[in-house]
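Structure, as structure tokens:
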Amino acid sequence: MDYNFIDIEQKWQRHWDEKKIYKTKIDPSKPKYYVLDMFPYPSGAGLHVGHPLGYIASDIYSRYKRQQGFNVLHPMGYDAFGLPAEQYAIQTGQHPAITTENNIKRYREQLDKIGFSFDWDREVRTCDPKYYKWTQWTFIQLFNHYYNNKTQKAEPIKDLMSKFERSGNIDIDAASGPVQEFTAVGWRKMSDKEKQQTLMNYRLAYLAETMVNWCPKLGTVLANDEVKEGFSVRGGFPVEKKKMNQWFLRVTAYAQRLLDGLEEIEWSESLKEVQRNWIGKSEGATIFFNIKNSEKAIEVFTTRPDTIFGATFMVLAPEHELLKEICTPEYAEKAELYIKDSFKRSERERMAETKTVTGQFTGAYCQHPFTKEPLPIFVADYVLAGYGTGAIMAVPAHDSRDYAFAKTFELPIVEVVTGGDIEKGSYDAKDGTLINSDFINDMDVRSAIKAVIKRLESTQSGKRMINFRLRDAIFSRQRYWGEPFPVYYKDGIPYVLDEKELPLELPPVDKYLPTETGEPPLARAKNWKTKDGYQLDCNTMPGFAGSSAYYIRYMDPHNNNELVSKKAVEYWRNVDFYVGGAEHATGHLIYSRFWNKFLFDIGVVVEQEPFKKLVNQGMIQGRSNFVYRVKGTNKFVSYNLRKKYDTMPIHVDVNIVDNDILDIEAFKKWNPEYKNAEFILEDGKYICGWDVEKMSKSYHNVVNPDDLIQNYGADTLRLYEMFLGPIEQAKPWDTNGIEGVFRFLKRFWRLFHDDKGEFKVTNEQATEEELKALHKTIKKVSEDIERFAFNTAISAFMTLLNKLYELKCNKKDILQPLVALLSPFAPHITEELWQKLGNKDSIVLAEYPAYDEKFIVEDLITYPVSFNGKMRFKMELSAGLSADEIEQKVLEAEESQKWIKDKKIKKVIVVPGKIVNVVV
RNA sequence: GCGGAUGUGGCGGAAUUGGUAGACGCGCUAGACUUAGGAUCUAGUGCCGCAAGGCGUGGGGGUUCGACUCCCUCCAUCCGCACCA
């Protein structure tokens, strides 16, 4: 019987499903291991071969761990809220829940065919009210907590209120928005409304009016990580700045802990670096510059307080609040015009024009805190409102942007750190000695920074300051297909619902569009009010809300009383191994770390970091094929002849090209336009050109896993995806190579069968050579799995199979452990053979074979012998020889003479067990 | 501009600690079996050369008995961030 992968795979998939072989329960007698894939958004297009890459890798690892005796949690679910389903709903009126349900069905079918070891009983969907009940619950907790900087953790807002009762906010060190100081008396005097407004500045989920990223095309605000280069990541629509009242999460409270936590987790250095940059910690000072003829001061942040004596002017961002007050009548009009202009220009334009310097004098001056000299105040859009205080002290001699500005506006440039040439440009480096700088003259930069901060603090004109680039996350979206906020409004003040009223389910609406007055779609819902008649919030939560704690929910997915039970979270703890795309570096992977730390603070989870080890799978690129059309004709010329004609390359469907040879008949049928196409062939064939591009429908290079499973089977697909190369690396998909692993599995199958196709395995005792080959492979494969080098593990299997063919070995002693060893990679074929070998239990539970060092030791070593570092010949020597003996044997060898001849031997290097090098 | 990654045959890639460069696979060449081959098997396959041999891991330089691996420098490609004070 030939290798009938279709029957085998269907049979075992059904069997595993019926026997619930992958069902996982808490088992204190076994060590736990949690393997997680980033759950997919179920898009309408279904899976292409790039999607399962990470799932296959994590599945292999899960099966490997399971066989090693770990209790493995390996769940899967769907990130089911999202824009595409909603956009589709807007176009067709079909409820996004239906679209989503259909897409999930399609995904599930595709996933099932690949033979994953998911425990589907734990499936979660973010759009399921039973699931988002806990997303809403967590929001309520965030709303009801603030961040205490003294204890470095989230604490109940109730505690904060009793502190206010006792002593106002004077001794409070908490993460907050801009708050005025008040005493206990002041607190008690406040109205309820004022109290609520004050508390809002402290809550970890808060409502605030700020500049937000507004995307008019999507009709919603977006978080910073959802905007790239002024366009929305989803859809690519332009984004503008707009002042709006929105929900925020106070992620910045956790900035330091998010940074510190990176030290404890095994993520790639590059990914950690991206997070560090995103958090963007910088140390320096905040300095107050008093404004002339005003009681106000401009607060600036600088990382270079040492250069304070080189500050010759001040610059405010166009959004800066003080601008309105400080502009002198003479300049007010011009300044206003400049500010208006810079608002009009989109983010995009502003970024594109980084080279031109623009700005406007305000007419106002402020005072240098030390020299008391007046400094002119400018407004310029090279200063960003969103970073630091939105104002800078300009030190043109030591900052290239300030330098360019000073040159344009002919402002003085004062050198205060030696080492550069300020005639030519600014000197930004932190090396040098201070000059022209009063009390810090002759100091180096580091000591000068310290000295200036000390003086600032003693004169109360500034203080040491740590600044983060990380911004609080905008948490509300003006869309339909997301979690509703468990929030209602009373007197314009938001209150959260009682936990008992959760989940607050998404209401039906007549249209999935904003209302005529620009309200979000939920405003269309009938009676969108609490039972007491208060108006509910009309926003919904963003995509990252549902994905921030799904890994916790998998631990206890059906618990209707808690997000997760103590028992479950204390057993499963956190994710040991997480696989997913690097594109989530600044979104999901920051938010869920934040979310997890908060849940840790309030005692829901037991680990500070959610994902201990993380691997980013590389993108699978497409390999496109081209035909060359002779311009203005319906004639196509084969690849190597194309230069003789004036041609245009056209993408052709890779599924009608085999080994770069075009299936001409299929091509004619592919598109009616080519029905009567003519071809100029070479060697009777039409050869296509090729290139590596993104896998995309428009390039006709999408390969569907279903087709491959149909033709080669899931085991072959699994092996080939892994065989392509290292998991982290981006690599092109080329279906041609799949024959190699398919051949391997067919040969593997035949090893267990005789010429007639009858199962035949002998009980003969294995030879030393056979055992050595087996155990070397066990060792290699185990080590490779541990370091996620699945491609080389598969090579090792191929090498062993070649060896066993050479030895004509079909002994059970060898083949049985080999089947167990291969089963994480190719679970179906190995399960079938495992049963044929007489095993009753599933191979999923089979013990992972251990290798025995005693079979591996070599008694003969093949030494490569080099002369002057070039390998010339090989020599077999017994492993027990000493270095001197080896040297003697090598020099005596006949072949050595040819290389020594009459030359003098300078030196002989012998590395026992490795190499011999003769220097002549 | 800053940060990170990568660069090895016609192609995907291997070489884990400085020790045989090109494992394994695709493709290609030749042959065997076969009614047939898009099945299977055997042999070959980095480049130049009839050979002896020479050259060879993006380029140049260095350290070393020995460098894909370490150091310096330059180049190319990809990714991230981007007026971050």
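We name chains A, B, ... by the order of the sequence lines, and we start the count at 1 in each one.
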If you measure from [atom1] on [X] to [atom2] on [Y], what distance do you get to the nearest 0.5 Å?
{"X": "A:Glu319", "Y": "A:Ser342", "atom1": "CD", "atom2": "OG", "value": "6.5 Å"}
{"X": "A:Leu316", "Y": "A:Ile298", "atom1": "CG", "atom2": "CD1", "value": "4.5 Å"}
{"X": "A:Met393", "Y": "A:Phe301", "atom1": "CE", "atom2": "CZ", "value": "10.5 Å"}

* Do the side-chain N and O atoms of A:Tyr387 and A:Ser282 include a donor-acceptor pair separated by under 3.5 angstrom? ->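 Judged by distance alone, the side chains do pair up.
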Which whole-number value in Å describes the distance from [X] [atom1] to [N] [atom2]?
{"X": "A:Leu384", "N": "B:C83", "atom1": "CG", "atom2": "P", "answer": "6 Å"}
{"X": "A:Phe867", "N": "B:C65", "atom1": "CZ", "atom2": "C1'", "answer": "13 Å"}
{"X": "A:Leu271", "N": "B:G80", "atom1": "CG", "atom2": "P", "answer": "13 Å"}
{"X": "A:Trp278", "N": "B:G4", "atom1": "CH2", "atom2": "C1'", "answer": "16 Å"}
{"X": "A:Leu375", "N": "B:A85", "atom1": "CG", "atom2": "P", "answer": "21 Å"}
{"X": "A:Lys808", "N": "B:C41", "atom1": "NZ", "atom2": "C1'", "answer": "10 Å"}
{"X": "A:Arg747", "N": "B:A39", "atom1": "CZ", "atom2": "P", "answer": "14 Å"}
{"X": "A:Asp755", "N": "B:C33", "atom1": "CG", "atom2": "C1'", "answer": "13 Å"}

* Asked: Is it true that the NZ or CZ of A:Arg642 lies under 6.0 Å from the centre of A:Tyr639's six-membered ring and within 45 degrees of the ring axis?
  ->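 Ring-cation test returns yes.
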Provide the distance between the two [atom1] atoms, one in [N] and one in [M], to the nearest whole Å.
{"N": "B:G46", "M": "B:A23", "atom1": "P", "result": "8 Å"}
{"N": "B:G56", "M": "B:G37", "atom1": "C1'", "result": "39 Å"}
{"N": "B:G25", "M": "B:U42", "atom1": "P", "result": "11 Å"}
{"N": "B:C47", "M": "B:C2", "atom1": "P", "result": "41 Å"}
{"N": "B:U63", "M": "B:G13", "atom1": "C1'", "result": "30 Å"}
{"N": "B:G58", "M": "B:C11", "atom1": "P", "result": "14 Å"}
{"N": "B:C70", "M": "B:G18", "atom1": "P", "result": "8 Å"}
{"N": "B:U8", "M": "B:U77", "atom1": "C1'", "result": "15 Å"}

* **Sugar-phosphate or base contact per nucleotide [nucleotides 7-29 of chain B; S, B, -; heavy atom under 4.0 Å]** => -----BSSSB--BBS-BBSSS--
Measuring only between side-chain heavy atoms, which start at C-beta, is [X] closer than 4.5 Å to [Y]?
{"X": "A:Asn277", "Y": "A:Thr586", "answer": "no"}
{"X": "A:Val741", "Y": "A:Met798", "answer": "yes"}
{"X": "A:Lys430", "Y": "A:Arg304", "answer": "yes"}

* **5' priority, RNA chain B, between A:Gly388 and A:Glu269 [closest heavy atom]** =>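 Here A:Glu269 is the residue nearer the 5' end.
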* **Closest-nucleotide ordering on RNA chain B, the 5'-leading residue of A:Tyr387 and A:Val227** =>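 Going by which nucleotide is closer to the 5' end, it is A:Val227.
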* Asked: Do the rings of A:Phe873 and A:Phe867 sit parallel, tilted or perpendicular, given the 30° and 60° boundaries?
  ->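 Tilted: the ring planes of A:Phe873 and A:Phe867 meet at 30° to 60°.
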* Asked: Picking from B:U40, B:G4, B:C83, which would you name as closest to the side chain of A:Asp381?
  ->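 Shortest atom-to-atom distance from the side chain points to B:C83.
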* Taking only the side-chain heavy atoms of A:Thr302 (C-beta and beyond), determine which of B:C81, B:C41, B:A85 contains the nearest atom. =>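 Among the listed nucleotides, the one closest to the side chain of A:Thr302 is B:A85.
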* Given the side-chain rings of A:Phe723 and A:Phe744, with only the six-membered ring counted for Trp, is the space between their centroids under 6.0 Å? ->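 When the ring centroids of A:Phe723 and A:Phe744 are compared, they turn out to be at least 6.0 Å apart.
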* To do: State which residues pass side-chain contact (heavy atoms from CB on, under 4.5 Å) with A:Ala285; sequence neighbours excluded, sorted by chain then number.
  =>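 Partners of A:Ala285 under the side-chain contact (heavy atoms from CB on, under 4.5 Å) test: A:Ile287, A:Pro305, A:Ile453, A:Leu456.
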* Asked: Taking only side-chain nitrogens and oxygens of A:Arg750, does any of them come within less than 4.0 Å of OP1 or OP2 of B:A39?
  ->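 For A:Arg750, the contact criterion (side-chain N or O under 4.0 Å from OP1 or OP2 of B:A39) is not met.
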* When we call it a touch if two heavy atoms are under 4.0 Å apart, what does A:Ser400 touch: a base, just sugar-phosphate, or nothing? ->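 The answer is nothing, as A:Ser400 stays clear of every strand by at least 4.0 Å.
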* If the glycosidic angle is within 90 degrees of 0 it's syn, otherwise anti, so just tell me which one B:G9 is. =>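 Glycosidic conformation of B:G9: syn.
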* Structure fact -> The dot-bracket string of RNA chain B, counting Watson-Crick and G-U wobble pairs with both distances under 3.5 Å, using [ ] for crossing pairs and | for pairs to another strand, is (((((((..(((......[....)))((((((.......))))))(((....)))..(((((..]....))))))))))))....
